[in-house]
**Student:** 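Quick one: the structure is below, and I'll ask about it shortly.
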There are 2 protein chains.
Amino acid sequence: MGVTKSEIFTDAQNEIATLAKAFAHPARVAILHQLFKSETCICGDLVDEIGLAQATISQHLKELKNLGLIKGNIEGTSVCYCINQDKWQEMKQLLTAFFDQDIKSNCC
Amino acid sequence: MGVTKSEIFTDAQNEIATLAKAFAHPARVAILHQLFKSETCICGDLVDEIGLAQATISQHLKELKNLGLIKGNIEGTSVCYCINQDKWQEMKQLLTAFFDQDIKSNCC
DNA sequence: TTTGTTTATTGCAATATTACGATTAATAAT
DNA sequence: ATTATTAATCGTAATATTGCAATAAACAAA
């Protein structure tokens, strides 16, 4: 018990859930927002900008990177993080398609 | 520790995270998909359709209802669940606006 | 080489989520 | 009234997530 039964769902359903998890925590939303609006996207700047410990930000960055939504370039001792635009578009398509479903019958 | 620090994020960031949680589990994705495509939206049918226990489905339905994304109408002994289209549109707008952000500078 | 800077990882504690059996509540059917 | 049906809730167990201090790793600067 307590473990998600991925095997009983379709691939599409699991994929949507996995992608949605990226946005299911305000710290990750804040990180992504920062990456969109900011000139620089150095990890350390994100730590300063958002008020969480360095280890915590690093962990959230790792999750976003694992999903492929961001990528990191090493620049000397620091790492520059950016949105992975290809993957971002792919995610956007999948989720907006889900949001744009139209109702077959509205019984209530 | 282990508790999300909602107070350090903006209302918009918290709202996006809260809404995204609706889709962050495949069972809820499956439930919503079923509500969109199905003629009937009786709780019991969802239990049959998706392979989870009645208590589990009921719990997921409660979460979706708390978010306002679905509503339930009592019909005799059964309950008919449906998408709340107003809230669905509102959610869609908020999330697609986030997805449609355009990048200021792409440094990597 | 030694020191400083920056990020990743480890280890741990606490909270949150997921799942389900058992029970309860509410209505329908007999 | 009794029984059956349906859904919500309670209690509990297990896994997942969040957060951070401490440490490690990797590189730059002196």
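This structure is a prediction, so every number in the text was calculated from the model and none was measured. Residue numbers begin at 1 in each chain, while the letters A, B, ... track the order of the sequences.
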**Student:** Taking CD from A/Glu7 and P from C/dT18, how many angstroms apart are they, rounded to a whole number?
**Tutor:**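 Taking atom P of C/dT18 as the reference, CD of A/Glu7 is at 15 Å.
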**Student:** Calculate the interatomic distance between B/Asp45 atom CG and D/dT5 atom P; express it in whole Å.
**Tutor:**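 After rounding, the reported distance stands at 16 Å.
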**Student:** C/dA8 phosphate, OP1 or OP2: any side-chain N/O from A/Tyr81 under 4.0 angstrom?
**Tutor:**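 So the side chain of A/Tyr81 is within the cut-off, an N or O lying under 4.0 Å from OP1 or OP2 of C/dA8.
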**Student:** Going by the angle between their ring planes, with limits at 30° and 60°, are A/Phe36 and B/Phe98 parallel, tilted or perpendicular?
**Tutor:**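 The rings of A/Phe36 and B/Phe98 stand perpendicular, inter-plane angle above 60°.
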**Student:** Find the distance B/Ile70:CD1 to D/dA7:P and express it as a whole number of Å.
**Tutor:**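 Taking CD1 of B/Ile70 and P of D/dA7, I get 13 Å after rounding.
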**Student:** Report the residue (A/Lys21 or A/Gly44) whose heavy-atom-nearest nucleotide on DNA chain C is the more 5′ of the two.
**Tutor:**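 Its nucleotide being nearer the 5' end, the pick is A/Gly44.
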**Student:** Please give, in whole Å, the distance from D/dA26 P to A/Glu75 CD?
**Tutor:**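 Going from A/Glu75 (CD) to D/dA26 (P), I get 19 Å.
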**Student:** Could you work out which one of D/dT17, D/dT18, D/dA28 sits closest to the side chain of A/Glu63?
**Tutor:**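 Side chain of A/Glu63 sits closest to D/dT18.
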**Student:** Are more than 12 heavy atoms from other residues, nucleotides or ligands located less than 6.0 Å from atom CD1 of B/Ile74?
**Tutor:**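 Atom CD1 in B/Ile74 is not crowded, with 12 or fewer foreign heavy atoms closer than 6.0 Å.
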**Student:** Is the CG atom of A/Asp100 crowded by more than 12 outside heavy atoms at less than 6.0 Å?
**Tutor:**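 Buried by this count: over 12 neighbours within 6.0 Å.
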**Student:** In this structure, how many angstroms lie between the C1' atom of D/dT17 and the CG atom of A/Leu64, rounded?
**Tutor:**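 Whole-Å distance recorded here is 14 Å.
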**Student:** Taking CD in B/Gln93 as the centre, count heavy atoms belonging to other residues, nucleotides or ligands within less than 6.0 Å. Is the count above 12?
**Tutor:**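 Count not over threshold, so no.
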**Student:** Closest approach to the side chain of B/Thr77, judged atom by atom: which nucleotide of D/dC27, D/dA7, C/dT27 is it?
**Tutor:**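 Comparing D/dC27, D/dA7, C/dT27 against the side chain of B/Thr77, the answer is C/dT27.
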**Student:** In this structure, how many angstroms lie between the C1' atom of D/dA8 and the CG atom of B/Leu46, rounded?
**Tutor:**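 Computing the B/Leu46:CG to D/dA8:C1' distance gives 15 Å.
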**Student:** Find which nucleotide of DNA chain C each of A/Lys65 and A/Phe9 is nearest to by heavy atoms, and output the residue with the more 5' nucleotide.
**Tutor:**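 Residue closer to the 5' terminus by nearest nucleotide: A/Lys65.
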**Student:** Please say whether more than 12 non-hydrogen atoms of neighbouring residues, nucleotides or ligands are located less than 6.0 Å from CG in B/Asp48.
**Tutor:**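 For B/Asp48, atom CG is crowded (more than 12 foreign heavy atoms under 6.0 Å).
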**Student:** Could you tell me whether the phosphate oxygens of D/dA16, OP1 or OP2, come under 4.0 Å of any side-chain nitrogen or oxygen in B/His25?
**Tutor:**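 No, outside the criterion.
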**Student:** Rounded to whole Å, please give me the gap between NZ in B/Lys62 and C1' in C/dT18.
**Tutor:**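 Those two atoms, NZ and C1', are 14 Å apart.
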**Student:** Quick one: pull up CZ in A/Phe23 and CD in B/Gln13 and give me the separation to the nearest 0.5 Å.
**Tutor:**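 CD of B/Gln13 is found 13.5 Å from CZ of A/Phe23.
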**Student:** Find which nucleotide of DNA chain D each of A/Arg28 and A/Ile74 is nearest to by heavy atoms, and output the residue with the more 5' nucleotide.
**Tutor:**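 That would be A/Arg28.
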**Student:** Find the distance between CG (A/Leu52) and CD (A/Gln59) and round it off to the nearest 0.5 Å.
**Tutor:**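 Spacing of CG (A/Leu52) from CD (A/Gln59) equals 10.5 Å.
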**Student:** Could you check which residues of residues 50-61 of chain B get a heavy atom under 4.0 Å from DNA chain C? Sort them by number, please.
**Tutor:**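 Listed by number, they are B/Leu52, B/Ala53, B/Ala55, B/Thr56, B/Gln59, B/His60.
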